[in-house]
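Both counts, for ligands and for their atoms, begin at 1 and track the order of listing.
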Amino acid sequence: MRLDKYICKSTELTRSEAKRSLKYGSIKVNGAVVKNAAFQVKEQDNVLLNDRELTPIGLRYIMMHKPADTICSNVDEALPSLLNLIEVEKWTELHIAGRLDADTTGLVLITDDGQWSHNVISPNKSCQKTYHVWLAEPIVENVKEQFEQGVQLNNEKELTRPAKLEILSEKEAMLSITEGKYHQVKRMFAAVGNKVVRLHREKIGNITLDEELEPGQWRYLTNDEVDQFH
Ligand code: URA
């Protein structure tokens with residue numbers, strides 16, 4: 001990795017600040033001052049900034065229990081971004097792999113690994129997401145079959161892909177879908193004459209929301225969880 005990039009990855013410095021610290025001779029690699037930004041740092045190299053050892057931050061993989069009234073965006077809009085709840089270095093480099101509506105709660109995956117999040121959200125990968133759904137009206141008899149066959153959403157050319165509905169009670173169900181169209185779950189129930197009153201994502205692929213996490217809390221994914229999308 002280039003030395004200026006290595007400095008940025010291990011500090012809060014911008015690229016131009018990193019170059020400035022190089023120019024002023026503040027960086028040593030294996031004991032010797034290096035001023036060349038393009039110098040290639042190898043894994044075993046020891047890099048110091050004013051005698052402080054630098055270690056680049058690796059890729060991060062996080063699960064969060066999203067609370068209601070937060071948005072899945074990198075900036076605050078009418079409501080605060082859920083990234084405000086994550087106090088880690090360089091949090092602006094994180095992004096959300098599969099957004100939820102502001103009023104939806106539950107499992108959100110957050111990372112700075114673009115290829116990994118692509119594997120989570122790309123329609124071609126058919127990753128299954130499971131939602132707990134509370135409804136305004138009782139679930140009518142043939143909804144399970146309709147969802148299995150696909151329903152027509154407003155302004156969409158094709159039917160939804162086959163989805164699995166597990167009915168829990170008169171107005172409560174678990175729905176598993178392999179797409180992520182805008183407001184998909186709410187629109188699917190609207191297409192069969194019902195209305196979602198509460199929505200909570202439980203699962204993405206084989207990653208289940210950790211029961212220990214209260215709304216607003218997060219933890220790093222385990223290696224096994226991360227490997228599912230590599
Ligand atoms: N489907 C919705 O309608 N909303 C969400 O937040 C997620 C899936």
Side-chain angles (χ1 to χ4, degrees), residues 62-86 94-111 116-140 143-144 146-168 171-210 213-218 229:
I62 286 170
M63 82 156 65
M64 177 184 272
H65 185 165
K66 178 188 177 295
D69 301 327
T70 54
I71 51 166
C72 290
S73 157
N74 280 48
V75 287
D76 297 342
E77 289 167 24
L79 290 165
S81 160
L82 83 174
L83 292 180
N84 287 323
L85 300 165
I86 301 182
L94 295 171
H95 62 266
I96 293 150
R99 293 166 176 231
L100 293 177
D101 298 336
D103 57 353
T104 305
T105 57
L107 177 62
V108 171
L109 300 179
I110 299 163
T111 183
W116 190 85
S117 55
H118 173 77
N119 293 341
V120 176
I121 59 183
S122 166
N124 297 336
K125 305 280 178 186
S126 295
C127 164
Q128 184 167 281
K129 294 116 195 156
T130 301
Y131 294 86
H132 194 156
V133 193
W134 289 262
L135 295 149
E137 306 297 334
I139 303 164
V140 292
V143 171
K144 195 171 153 68
Q146 286 191 67
F147 283 177
E148 259 163 29
Q149 283 155 22
V151 287
Q152 185 64 54
L153 304 184
N154 275 341
N155 300 323
E156 300 289 345
K157 285 201 190 105
E158 289 168 8
L159 295 184
T160 52
R161 287 189 192 163
K164 210 174 108 214
L165 186 72
E166 185 196 340
I167 298 173
L168 302 177
K171 295 184 184 174
E172 209 179 320
M174 301 295 290
L175 178 66
S176 298
I177 56 176
T178 57
E179 312 167 270
K181 292 196 170 79
Y182 183 62
H183 292 332
Q184 175 144 355
V185 175
K186 291 173 185 164
R187 287 163 76 207
M188 283 176 74
F189 279 99
V192 295
N194 211 325
K195 186 175 184 322
V196 173
V197 292
R198 189 177 154 208
L199 189 57
H200 178 86
R201 185 159 62 193
E202 293 271 351
K203 212 170 165 190
I204 300 176
N206 286 325
I207 303 180
T208 303
L209 179 63
D210 192 327
L213 296 178
E214 297 291 334
Q217 292 186 325
W218 61 275
F229 293 108

> If you look only at pairs with a residue in residues 175-190, which of them pass as a salt bridge (charged side-chain N to carboxylate O under 4.0 Å, His left out), with sequence neighbours excluded?
Replying inline: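 Sorted pair list: Asp101-Lys186, Asp103-Lys186, Glu156-Arg187, Glu179-Lys181.
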> Is there a side-chain contact between Cys72 and Leu82 (heavy atoms, below 4.5 Å)?
Replying inline: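 The answer is yes, as the side chains (C-beta and beyond) meet within the 4.5 Å cut-off.
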> If we ignore angles and hydrogens, is there a donor and acceptor under 3.5 Å between the side chains of Arg161 and Ser126?
Replying inline: yes
> Are Thr104 and His200 close enough that a side-chain donor and a side-chain acceptor fall under 3.5 Å?
Replying inline: no
>> Is the distance between the ring centroids of Phe147 and Phe189 under 6.0 Å?
In response: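 That pair passes the under 6.0 Å test.
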>> Which protein residues come within less than 4.0 angstrom of ligand 1, counting heavy atoms only?
In response: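 Its neighbours under 4.0 Å (heavy atoms only) are Leu100, Asp101, Thr104, Tyr131, His183, Gln184, Val185, Lys186, Leu199, given by chain and number.
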> Where the side chain of Gln149 meets the backbone of Gln146, is there a donor-acceptor pair that is under 3.5 Å apart?
Replying inline: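 A pair under 3.5 Å: no.
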